[in-house]
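These notes concern the structure reproduced below.
Keep in mind the model is a prediction, meaning the values are calculated, not measured.
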Amino acid sequence: MAERRIGLIMNGVTGRMGMNQHLIRSIAAIRKDGGVVLANGDRVMPDPILVGRNREKLEALARAHGISRVSTDLDACLADPDDTLFFDAATTQMRAGLLTKAIHAGKDIYCEKPTADSLADAMAVARLAKEKGIKAGVVQDKLFLPGLRKLKMAIDSGFFGKILSVKGEFGYWVFEGDLQPAQRPSWNYKKDEGGGIILDMLCHWRYVLDNLFGNVESVSCLGATHIPTRIDEQGKAYQADADDAAYATFQLEGGVIAHINSSWVTRVRRDDLVTFQVDGTHGSAVAGLQKCWTQSRVNTPKPVWSPDTPQPINFYEGWQEIPDTQPMPNGFRVQWELFFKYLAGDVAEYPWDLLAGAKGVQLAEAGLQSWAERRWIDLPKLEV
């Protein structure tokens with residue numbers, strides 16, 4: 001057995017997602033457990049260097065998680081041949097430029113989505129990566145959630161018969177900042193800083209729909225900025241000009257209809273912060289982040305509409321939970337481990353690449369266009 005070091009440049013790990021999901025729960029956890037085991041018994045060990053603008057924050061993170069290297073000079077890091085993988089979880093607006101610079105420096109790429117704030121830039125990065133022959137992966141974390149993995153198992157088993165429709169509900173109440181501090185940063189609500197729930201969430205819904213139910217062929221989307229004034233991190237009021245809610249309907253290859261509401265201005269009365277209900281001829285399922293419940297055709301109750309009497313059926317009782325039959329670790333970590341195996345040659349193909357990332361940007365851009373023009377938008381096939 002041998003240990004294979006991968007020098008990893010991690011940009012944007014002082015932000016919430018980069019720090020919690022990518023650094024702490026993925027890379028630091030992988031290092032603590034001795035690396036990623038390959039089929040031949042070798043181990044891939046990531047050796048990260050944390051990169052950002054605030055050295056004090058970087059050094060504190062590094063000390064807390066057993067990491068020896070930090071830098072505020074990204075260009076110097078990209079010039080170091082011993083570090084071969086570049087990861088970015090910083091701002092969307094800068095991502096395409098940073099990925100382009102890293103690809104020209106010969107680095108492999110792993111990054112958050114969206115991969116750019118326009119389809120043209122996302123496709124340019126994907127084509128450059130193919131031209132330069134680098135390996136690339138884009139975070140598509142919801143595919144690796146326990147709830148959606150259980151849902152995928154139900155799909156693969158044929159449980160649903162013919163799938164008819166998908167209904168998704170995502171979101172929660174993000175406080176405006178006066179009564180309680182907001183739990184999302186203010187840039188989320190500013191167009192010129194890359195904010196907006198359509199750009200953020202339709203990238204997610206593209207890979208969920210494509211991978212589980214069928215390729216998205218067209219979209220009709222209505223966005224809204226329900227709360228126009230919010231309070232920022234300094235306690236100052238600002239105008240929120242980016243969308244804080246989106247109501248989107250999708251037509252999928254094969255005839256499945258999907259509708260997903262995405263909102264930062266909704267109060268939760270459902271099983272989880274995101275739920276997907278899938279209805280088929282032979283059964284239905286409801287999946288959240290961790291759990292998935294099913295109801296088969298023969299277990300479906302037969303309600304009768306009667307608005308004058310209390311509902312006699314407890315509709316929750318007719319569902320069965322898919323049990324936890326195997327360990328399902330953090331979804332971000334699972335995808336990181338698969339990508340490391342791909343870099344090491346243990347996995348021949350990796351479908352969640354920069355083209356997959358561009359498809360997410362395509363859907364977000366089409367959603368914004370649909371809202372602006374108040375019409376359906378078809379999605380042409382993307383190729384690099």
Heavy-atom side-chain proximity of [X] to [Y] below 4.5 angstrom:
{"X": "Phe86", "Y": "Leu74", "value": "yes"}
{"X": "Glu233", "Y": "Pro181", "value": "no"}
{"X": "Met19", "Y": "Ile24", "value": "yes"}
{"X": "Val139", "Y": "Cys111", "value": "no"}
{"X": "Asp47", "Y": "Ile6", "value": "no"}
{"X": "Phe87", "Y": "Asn11", "value": "no"}
{"X": "Thr294", "Y": "Phe159", "value": "yes"}
{"X": "Phe170", "Y": "Ser263", "value": "no"}

Modelled atom types, side-chain donor and acceptor of [X] and [Y], under 3.5 Å:
{"X": "Gln21", "Y": "Asp141", "result": "no"}
{"X": "Tyr350", "Y": "Gln335", "result": "yes"}
{"X": "Asp272", "Y": "Thr275", "result": "no"}

Please determine if [X] and [Y] form a salt bridge, counting it only when a charged side-chain N lies under 4.0 Å from a carboxylate O.
{"X": "Arg333", "Y": "Glu337", "value": "yes"}
{"X": "Lys130", "Y": "Asp353", "value": "no"}
{"X": "Asp88", "Y": "Arg95", "value": "yes"}
{"X": "Arg4", "Y": "Asp42", "value": "yes"}
{"X": "Arg184", "Y": "Asp200", "value": "yes"}

Run Ile67 and Leu23 through side-chain contact (heavy atoms from CB on, under 4.5 Å) and show every step you take. CA-CA 10 Å; Ile67 294 168; Leu23 177 60; 3.4 Å; yes

Backbone N/O of [Y] and side chain of [X]: donor-acceptor pair under 3.5 Å:
{"X": "Asp33", "Y": "Ile30", "answer": "no"}
{"X": "Asp244", "Y": "His226", "answer": "yes"}
{"X": "Gln183", "Y": "Phe175", "answer": "yes"}
{"X": "Gln295", "Y": "Gly318", "answer": "yes"}

Could you please spell out the steps behind the salt bridge (Lys or Arg N to Asp or Glu O under 4.0 Å) verdict for Asp210 and Arg206? CA-CA 6 Å; Asp210 278 5; Arg206 180 67 190 265; 2.9 Å; yes

For atom [atom1] of [X], decide whether the heavy atoms of other residues, nucleotides or ligands shown that lie under 6.0 angstrom number more than 12.
{"X": "Arg55", "atom1": "CZ", "answer": "yes"}
{"X": "Gln369", "atom1": "CD", "answer": "yes"}
{"X": "Lys135", "atom1": "NZ", "answer": "yes"}
{"X": "Lys190", "atom1": "NZ", "answer": "yes"}
{"X": "Arg375", "atom1": "CZ", "answer": "yes"}
{"X": "Gln311", "atom1": "CD", "answer": "yes"}
{"X": "Met328", "atom1": "CE", "answer": "yes"}

Checking ring pair (Phe, Tyr, Trp, His ring centres under 6.0 Å) against Trp352, which of Phe339, Tyr342, Phe144, Tyr207 comes through? Phe144

Mind running ring-ring contact (aromatic ring centres under 6.0 Å, His included) on Tyr316 and Trp293 for me, showing each step along the way? CA-CA 10 Å; Tyr316 284 96; Trp293 297 266; 8.7 Å; no

What about [X] and [Y], same hydrophobic cluster or not, with Ile/Leu/Val/Met/Phe/Trp/Tyr joined at side-chain heavy-atom distances under 4.5 Å?
{"X": "Leu78", "Y": "Leu58", "result": "no"}
{"X": "Phe250", "Y": "Leu143", "result": "yes"}
{"X": "Tyr238", "Y": "Ile197", "result": "yes"}
{"X": "Met17", "Y": "Val274", "result": "yes"}
{"X": "Tyr189", "Y": "Leu202", "result": "yes"}

Mind running side-chain contact (heavy atoms from CB on, under 4.5 Å) on Leu38 and Lys341 for me, showing each step along the way? CA-CA 7 Å; Leu38 304 178; Lys341 290 179 180 181; 4.0 Å; yes

Inter- and intrachain pairs under side-chain hydrogen bond (donor to acceptor under 3.5 Å, both in side chains), touching residues 58-71, at least two apart: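 Output for this query lists Arg69-Asp83.
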
Pairs satisfying side-chain hydrogen bond (donor to acceptor under 3.5 Å, both in side chains), at least one member in residues 251-262, at least two apart: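 Those involving residues 251-262 are Glu169-Asn261, Trp205-Ser262, Asn215-Glu253, Ser218-Gln251, Thr249-His259, His259-Asn261.
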
Rounded to the nearest 0.5 Å, the SG atom of Cys292 sits from the CG atom of Asp271 at a distance of 10.5 Å

Return the CZ to NE2 distance between Phe332 and His22, rounded to the nearest 0.5 Å. 5.0 Å

Chi angles and distances behind the salt bridge (Lys or Arg N to Asp or Glu O under 4.0 Å) call for Glu3, Arg43: CA-CA 5 Å; Glu3 183 175 290; Arg43 289 177 176 266; over 6 Å; no

Test Leu151 against Val278 for side-chain contact (heavy atoms from CB on, under 4.5 Å), laying out the working first. CA-CA 9 Å; Leu151 178 60; Val278 182; 4.0 Å; yes

Report the C-alpha distance between Tyr110 and Leu343 in whole Å, list the side-chain angles of each, state the deciding distance to 0.1 Å, and finish with yes or no for side-chain contact (heavy atoms from CB on, under 4.5 Å). CA-CA 11 Å; Tyr110 189 69; Leu343 291 180; over 6 Å; no

Could you walk me through whether Gln277 and Ser284 satisfy the side chain to side chain donor-acceptor pair (under 3.5 Å) test, starting with their C-alpha distance in whole Å, then the side-chain angles of each, then the deciding distance to 0.1 Å, before giving a yes or no? CA-CA 7 Å; Gln277 177 164 334; Ser284 296; 5.0 Å; no

Starting from the C-alpha separation in whole Å, work towards a yes-or-no answer on salt bridge (Lys or Arg N to Asp or Glu O under 4.0 Å) for Asp243 and Lys191. CA-CA 8 Å; Asp243 40 289; Lys191 278 184 182 179; over 6 Å; no

Under the side chain to side chain donor-acceptor pair (under 3.5 Å) criterion, do Glu193 and Thr91 qualify, and how do the steps go? CA-CA 8 Å; Glu193 294 185 22; Thr91 63; over 6 Å; no

Start with the C-alpha gap between Lys167 and Asp279, add the side-chain angles, then the distance that decides, and say whether salt bridge (Lys or Arg N to Asp or Glu O under 4.0 Å) holds. CA-CA 9 Å; Lys167 295 184 286 290; Asp279 291 312; 2.7 Å; yes

